[in-house]
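Please read the structure below before turning to the comments.
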Protein chains: 2
Amino acid sequence: MENSDRLAAFLERMKRKGKRLTPQRLAIVQAVLVHGGHPTVEQIHRQILPAYPTTSLATVYKTISLLKEEGEILELEFGERGNRYDGIRPKPHPHMVCTRCGTILDLELSGLEADVARLAREVGFEVESHRLDIFGICPACKQKG
Amino acid sequence: MENSDRLAAFLERMKRKGKRLTPQRLAIVQAVLVHGGHPTVEQIHRQILPAYPTTSLATVYKTISLLKEEGEILELEFGERGNRYDGIRPKPHPHMVCTRCGTILDLELSGLEADVARLAREVGFEVESHRLDIFGICPACKQKG
DNA sequence: ATAAATGCAAAGACTTTGCAGGTAC
DNA sequence: GTACCTGCAAAGTCTTTGCATTTAT
């Protein structure tokens, strides 16, 4: 699905639910769904402040929360400062995180989904979500020593 | 390795490093390394308080930190209240977490280590650690509705 | 008109830290 | 004796919440 289509579809769905499309909300949603990286709440806030100077951090948090509930973004918790969000690929997928510089890489691991499902079946769990995070040193940081 | 051996070996190593074996530290280390579940800092604190009433939460935090650095425990971050610790199996392994009642199950997934290593190699990362966490509803909670 | 969203500041939850006093060695 | 450890309280971080005001519809 194209980004613009996805954005439009989401806004339509929000409207149907009686949610209001305020300028702040629109700006946040667009910024998150289009952001190519893994921004923090702070980063999103700073990004839209120039165009929407009245936007508060609290509103960004609330809107991110909304996007989370709607399954439009994936929340990444790396135990560092501030969670990160992936608005492009909301489905769980592995990540590699540099513990030196914070670089985050999206990965693909075919068979993971099936393994997770099998493990859950074996113990009688009903899977809601999962995460595979790999922590280490990225090539650039390795070179720097 | 037997628990008692492991404890003794760890204490020996600490001594060699000039670390002091205070009563509080001993109590905390023993409690964590022997605990069969996935206790929080709070739980460890409450557990040793009766026998060592002067122990502070801060000291538990500091000692847990020490155990972490020494690779004697695995830190589990599930984004809920308080991290949990596994003092029995310090090596990374998958976990299944019930989002209703908090139950945590240790799992085994052969091939995960190799997959992680391969992914890291492909992108040039040097792996420090990894985690596979599965969130969902446990059988007991499913039954309760 | 009115239910919902915003912004602000305060509160929360967990963890870390600074420091004075205590203690293992 | 002394370097390390403890306990206390304060500070720090990120996030959530309460509430008066504004606003999309």
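Every chain is numbered from 1 and lettered A, B, ... according to where its sequence line falls, protein lines coming before strand lines. From a predicted model like this one, the values you see are computed outputs, not experimental measurements.
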Can you tell me how far [atom2] of [N] sits from [atom1] of [X], to the nearest Å?
X	N	atom1	atom2	answer
A:Leu66	D:dT15	CG	P	17 Å
B:Ile64	C:dT15	CD1	C1'	12 Å
A:Asn83	D:dT13	CG	P	16 Å
B:Arg81	D:dT13	CZ	P	22 Å
A:Glu77	C:dT15	CD	P	13 Å
B:Glu42	C:dT15	CD	C1'	11 Å
B:Tyr52	D:dC5	OH	C1'	16 Å
A:Leu67	D:dT15	CG	P	15 Å

Under a 4.0 Å N-O cut-off, is there an ion pair linking [X] with [Y]?
X	Y	answer
A:Glu77	A:Arg131	yes
A:Glu12	A:Lys17	no
A:Glu72	A:Arg6	yes

Task: Which residue lies more 5' along DNA chain D, comparing B:Gly18 with A:Ser65 via nearest heavy atoms - done: B:Gly18

TODO: Taking A:Lys142 for its side chain and B:Gly124 for its backbone only, find out whether a donor-acceptor pair lies under 3.5 Å.
DONE: yes

- [ ] Give a yes/no answer on whether the side chain of B:Thr54 brings an N or O atom under 4.0 Å of OP1 or OP2 in D:dG7.
- [x]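 Affirmative; the distance criterion is met.
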
Task: Phosphate contact (C:dA5 OP1 or OP2) by A:Thr59 side-chain N/O below 4.0 Å - done: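 It does not, given that no N or O in the side chain of A:Thr59 lies less than 4.0 Å from OP1 or OP2 of C:dA5.
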
TODO: Looking at every strand, decide which applies to A:Thr55 at a 4.0 Å heavy-atom threshold: base, sugar-phosphate, or nothing.
DONE: sugar-phosphate

TODO: Using a 4.0 Å cut-off on protein heavy atoms (strictly under), produce a 5'-to-3' string for nucleotides 17-25 of chain C with B for base contact, S for backbone-only sugar-phosphate contact, and - for none.
DONE: BB----BBS

Task: Contacts of type ring-ring contact (aromatic ring centres under 6.0 Å, His included), residue B:His93, not counting sequence neighbours - done: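 Partners of B:His93 under the ring-ring contact (aromatic ring centres under 6.0 Å, His included) test: B:His95.
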
Open item on the list: Under the salt bridge (charged side-chain N to carboxylate O under 4.0 Å, His left out) definition, can you give me all pairs with a residue in residues 96-117 of chain B, not counting sequence neighbours?
Closed with: B:Arg89-B:Glu108, B:Asp115-B:Arg118

Task: Pairwise side-chain contact, A:Leu105 with B:Phe125, heavy-atom cut-off 4.5 Å (strictly under) - done: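 They are in contact (side-chain heavy atoms under 4.5 Å apart), so the answer is yes.
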
